[in-house]
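See structure below.
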Amino acid sequence: MRRFKGSLIMSGIRVRFAPSPTGYLHVGGARTVLFNWLFARHTGGSLILRIEDTDVERSTEASTDAIIDSLQWLGLDWDEGPIVGGDYGPYFQSERLDIYREYADKLIKSGYAYPCYCTPEELNEARKAAMRQGKPPGYSGKCRDLSPEERRAKEAEGRRPALRFRVGEGETVVKDLIRGEVIFRNEFIDDFIIVKSDGYPTYNFAAVVDDTLMKITHIIRADEHLPNTPKQIMMYKALGFELPEFAHVSMILGKDKTKLSKRHGATSITQYRDAGYLPDALVNYLVLLGWAYDAEQQIFSREELIEKFTLDKVSKNPAIFDPDKLLWMNGYYIRETDTDSLTKLAIDHLSKAGLVSSEPSDEELTKIQAVVAILKERIRTVRDIVNQGDFFFTEEVTFDEEAFQEFLTRNYVPEMFRELKVRLEAISPFNRQTTEQVIRGYAKEIGRKAGEVIHPLRVALTGRSVSPGIFEVIEILGKDTCCKRIDSALRKLRQL
RNA sequence: GCUCCCAUCGUCUAGUGGCCUAGGACACCGCCCUUUCAAGGCGGCGGCGCGGAUUCGAAUUCCGCUGGGAGCGCCA
């Protein structure tokens, strides 16, 4: 992916992903980075990763690590930011406090910002009171025009002010690449806080300063930020900054059409990784949520995505996250993955389940590969290998009660199994072709349909009525195991 | 409540005034293949929210309505 750097003339386009480290990277955030990443790679621009850790209460280093980890897993790399550095750092907002101070001072001097002495509690009360009276819950403008004396009096009370931005008259127009012009009337926008009383900047303010200083040209982010944009534009203007382009991507919703959240099931990227999803599948699915190249194509390689992704094909309407389609796509990608790579992933899941060792011997590895090869057509997550292939690695099979009743209690089974065992023991070499020949031959001999032999045998060997092709199973299990399992099935039948 | 956004099959979408009796994908159903289950192939079900206007002609333009969503924090 990095080959785009250097081989293309830098376009000067700079985009960013700016998560707050207050949790894991979730599906919505992942789609936002993905769009930014694709836009950067498509245009030969740069992607900057900036950590917005100005919420001292909720930000954690663990979250930063988790987000970075997920990004790396997804294969979405950044050109500047944590780990890789860059010329416009620091890339943690908590390390840029003096910069915000400087610009806050400018706003105070130019009259765009003023101290507000109301406490969060007072504000909260006022909000509630307004709500009770059915009025808009906004800021009253109480500290807007305090005289120097009044300010000194408040200071004397020991109040530490927050800084508010003075919203002017008129209207603010957001020019959005996806939505066109959106007009906000300033009268509906309250004087908002730009610096908290603890000295930390708020999101809206810090983002404007950083995006400008980091020379961000395009802000691609989720729709929920659209109402923030007029506020930010006012600050750009007040500070004499040049406006970037904005592109607000619609949101990803859950099945109930509300903002996707934990209660909709898995939403963190790491959950999908652990559940056996492939990063390419997730990326491919996510890009389709709000973007389409043409009427037909569903599957896109990274290279194709980079080549074909443009903002004008991003749709405006919110998209509902559909786990079924993701699952289908993951299955598709699994089938496309070569067996060796898939085996590596399978070992993670199998060893976690205690079925194989995490550093398998050559012999064990060969077996795992064989299992993966026959299972990859029918699984949809890598973890399915554990669910569907556990019997390859266990000593005994666990019988599915229903399957046992249906196929093993048939009256012809005991005799058939005894004879089958004798015949299997005699086979050499023991492989899928030779065993198939013998078993089919035997079925014919006793005047039964192949299925009448195969189904009971499947239950004896795998414990269930559903499995990969029985002769492939037999080959991987090997002669000894097959005979042992026929014996234990017979033993269990005798105990009835 | 206020502000803003959005509106094509159940879901993701193609569609930018005539190529649309609306195309594809997932899901669902049926058939084929077949030792089961998948995979694969073939077929089916299913949609332009409503009302006006513009036009020879509207899924596509405009207005209204309705519906859904988001935002209204010293969170980001």
Side-chain angles (χ1 to χ4, degrees), chain A residues 18-22 52-55 57-59 116 118-120 123-124 127 130-131 133-139 160-164 174 176 179 182-185 187-190 192-204 206-207 222-230 248 250-251 253 255 257-259 285 288-299 313 315-329 331-332 335 375-380 388 403 407 436 439-440 443 449-455 457-459 462 464-471:
Chain A
S20 64
T22 55
E52 308 220 321
D53 55 349
T54 54
D55 184 347
E57 299 279 297
R58 297 194 301 151
S59 297
C116 171
C118 303
T119 64
L123 257 16
N124 230 317
R127 237 190 315 271
M131 292 280 233
Q133 293 169 47
K135 287 181 188 163
Y139 173 63
R160 307 208 54 201
L163 218 53
R164 279 185 191 272
V174 178
D176 191 279
R179 277 154 221 289
V182 184
I183 300 164
F184 292 87
R185 303 200 40 156
E187 63 191 278
F188 296 116
I189 301 173
D190 291 325
F192 50 93
I193 288 176
I194 59 172
V195 178
K196 308 172 209 174
S197 53
D198 66 3
Y200 277 71
T202 58
Y203 158 74
N204 276 314
D223 215 11
E224 54 190 323
H225 289 293
L226 190 53
N228 282 319
T229 311
H248 287 91
S250 64
M251 317 229 336
L253 311 177
K255 199 137 194 79
K257 297 190 174 194
T258 62
K259 201 167 151 181
Y285 175 69
L288 257 24
L289 249 31
W291 179 84
Y293 178 66
D294 61 18
E296 314 287 311
Q297 193 172 357
Q298 306 288 321
I299 304 292
K313 286 190 170 288
S315 76
K316 299 185 203 191
N317 39 337
I320 293 172
F321 186 81
D322 178 8
D324 279 337
K325 186 158 183 179
L326 207 210
L327 204 52
W328 164 78
M329 192 164 280
Y332 178 88
R335 273 172 257 130
L375 237 31
K376 71 187 266 192
E377 293 294 320
R378 61 194 76 226
I379 54 173
R380 302 209 282 181
Q388 293 183 30
F407 295 106
E436 174 159 14
I439 290 169
R440 284 192 189 279
K449 283 190 277 185
E452 292 178 290
V453 178
I454 287 169
H455 296 313
L457 189 57
R458 165 176 289 115
V459 178
T462 71
R464 52 193 95 173
S465 56
V466 172
S467 83
I470 194 64
F471 305 109

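Each chain gets a letter, A, B and so on, in the order its sequence line appears, and its residues count up from 1. Quick caveat, the model's predicted, so the values are computed rather than measured.
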Return the polar atom pairs (N/O with N/O) between nucleotides 60-63 of chain B and the protein under 3.5 Å, or none.
none

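- When the salt bridge (charged side-chain N to carboxylate O under 4.0 Å, His left out) test is applied to A/Asp53, no partner is found at least two apart in sequence or on another chain.
- With sequence neighbours left out, the ring-ring contact (aromatic ring centres under 6.0 Å, His included) criterion links A/Phe184 to no other residue.
- A/Phe407 pairs by the ring-ring contact (aromatic ring centres under 6.0 Å, His included) definition with A/His455, not counting sequence neighbours.
- Looking at residues two or more places apart in sequence or on another chain, you find a side chain to side chain donor-acceptor pair (under 3.5 Å) between A/Glu52 and A/Arg50, A/Gln93.
- Under the rule for a salt bridge (charged side-chain N to carboxylate O under 4.0 Å, His left out), the partners of A/Lys259 that lie at least two apart in sequence or sit in another chain are A/Glu224.
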Expected rows: protein N/O vs nucleotides 22-24 of chain B N/O, under 3.5 Å:
{"residue": "B/G23", "atom": "O2'", "partner": "A/Glu296", "partner atom": "OE2", "Å": "3.4"}
{"residue": "B/G23", "atom": "N2", "partner": "A/Ala295", "partner atom": "O", "Å": "3.1"}
{"residue": "B/G24", "atom": "O2'", "partner": "A/Glu296", "partner atom": "O", "Å": "3.3"}
{"residue": "B/G24", "atom": "N2", "partner": "A/Gln298", "partner atom": "NE2", "Å": "3.4"}

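- Applying the side chain to side chain donor-acceptor pair (under 3.5 Å) criterion to A/Asn317, with sequence neighbours excluded, gives A/Ser315.
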Look for any protein N or O under 3.5 Å of an N or O in nucleotides 4-10 of chain B and output each such pair with its distance, or none.
{"residue": "B/C5", "atom": "O3'", "partner": "A/Arg179", "partner atom": "NH1", "Å": "3.4"}
{"residue": "B/C5", "atom": "O2'", "partner": "A/Arg179", "partner atom": "NH1", "Å": "2.8"}
{"residue": "B/U8", "atom": "OP2", "partner": "A/Asn317", "partner atom": "ND2", "Å": "3.4"}

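- In this model, the phosphate group of B/A70 is not approached by any side-chain N or O of A/Lys257 to a distance below 4.0 Å at OP1 or OP2.
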Contact list (N/O, under 3.5 angstrom) for nucleotides 39-44 of chain B vs protein:
{"residue": "B/A39", "atom": "O4'", "partner": "A/Glu377", "partner atom": "O", "Å": "3.3"}
{"residue": "B/A39", "atom": "O3'", "partner": "A/Arg335", "partner atom": "NH1", "Å": "3.2"}
{"residue": "B/A39", "atom": "O2'", "partner": "A/Glu377", "partner atom": "OE1", "Å": "3.4"}
{"residue": "B/G40", "atom": "OP1", "partner": "A/Arg335", "partner atom": "NH1", "Å": "3.4"}

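- For the ring-ring contact (aromatic ring centres under 6.0 Å, His included) test, residues two or more places apart in sequence or in another chain that qualify with A/Phe192 are A/Phe165.
- Not counting sequence neighbours, the partners of A/Lys316 by the side-chain contact (heavy atoms from CB on, under 4.5 Å) test are A/Ile178, A/Arg179.
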